[in-house]
Amino acid sequence: MSKLIIPKVIGHRGARAYAPENTLAAIHAAADLGIEWVEIDVKLTKDCVPIIFHDEELGRCTNGSGIVAETDFKAIEELDAGLWFGDSFMGEKIPTLEDALNVIIDRGLGVNLEIKPCPGREVETAEVMLDFATRIWPDDAPPPLVSSFSHVSLESAMDVMAEWPRGMLIDEYIPHWRELAEHIDAHTININGNTLTRDQMDEYLDYAKPVLAYTINDPKKAQELLSWGVAGVFSDCPDVIRDAIEQFH
Ligand code: G3P
Ligand code: MG
């Protein structure tokens, strides 16, 4: 496995301040800004097609409604996933994982694939995602970082593709985080940077693996976290954070 080199700024859901989140337009927006890596959320349709989508329900980010896990891909591909964000994005679709990875590969981006299972589908979401992604991803490119809030999904990811690095997502501090991280051999700890305390950070640093923080849109906060030892931040406006960080140094 090539060495994991994580940039200081990762585009969150593409670059969600500038284009509808988790769409191909959002991935292109990040690439156009010169951002090196994007984070995208992967879940399954009812008929097990891996798509890029954050919510369990379709309402917020499409012109449809209902639950993703109860909707077949045939209906999902009919939806508009851009109009809610702005008229100029009309016609944007919910991408399949395959569509998204092909753009990511074409644009020379790195990627953090967040496994975002609908409840009860933790294992199959990890398995299907990795089955598709490992077939598409070039052998000579640095591997994707595979992350999840679901420990079950991360265990499955380790079973299916141990060589691809895993990021353990932690929203609220859990005292036994280290035991969990060691169990799935976490390569990164991905924490909520907006609630992180300095003491918690010191604990995470003791694990001696990169700590990544989401979702940081305030350059001052980014600078503070980097000064604490955070290796990188996820941002909706990654260019703003990148440019500010360059000025700080
Ligand atoms: O992976 C970082 C971040 O995306 C986790 O939270 O809810 O935005 O997927 P969420
Ligand atoms: Mg995410």
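- Judged purely by distance below 3.5 Å, without hydrogens or angles, the side chains of Asn63 and Asp80 never pair a donor atom with an acceptor atom.
- Taken from CD in Glu122 to OG in Ser153, the straight-line distance is 5.5 Å, to the nearest 0.5 Å.
- Of the possible donor and acceptor atoms, none in the side chain of His151 sits under 3.5 Å from a partner among the backbone N and O of Phe149.
- Ile67 meets the side chain to side chain contact (heavy atoms under 4.5 Å, CB included) test with Glu57, Ala69, Glu70; sequence neighbours excluded.
- Minimum interatomic distance between Ile189 and Trp177 (heavy atoms only, all atoms of both residues): CD1-CZ3, 4.0 Å.
- Figure legend: Arg135 and Phe132 shown as a cation-pi pair, the cationic atom lying under 6.0 angstrom from the six-membered ring centre and within 45 degrees of its axis.
- Judged purely by distance below 3.5 Å, without hydrogens or angles, the side chains of Asn190 and Thr188 pair a donor atom with an acceptor atom.
- The two residues Ser235 and Asn217 have their closest heavy-atom pair at OG-OD1, 3.0 Å.
- Connection of Val68 to Val42 is not established within any shared hydrophobic cluster, with ILVMFWY side chains joined at heavy-atom distances below 4.5 Å, either directly or through further cluster members.
- A side-chain donor from one of Glu155 and His183 sits under 3.5 Å from a side-chain acceptor of the other.
- Residues Lys8 and Glu246 are not in side-chain contact: their nearest non-hydrogen atoms beyond the backbone lie 4.5 Å or more apart.
- Across all their heavy atoms, Ile27 and Ala100 have their closest contact at CD1-CB, 3.9 Å.
- For the residue pair Glu39 / Tyr214, no side-chain donor-acceptor distance below 3.5 Å is found, with atom types taken as modelled.
- With 3.5 Å as the limit, one finds no donor-acceptor pair spanning the side chains of Asp32 and Tyr18.
- Hydrophobic clustering (ILVMFWY, side-chain heavy atoms < 4.5 Å, transitive): Met129 and Trp164 are in one cluster.
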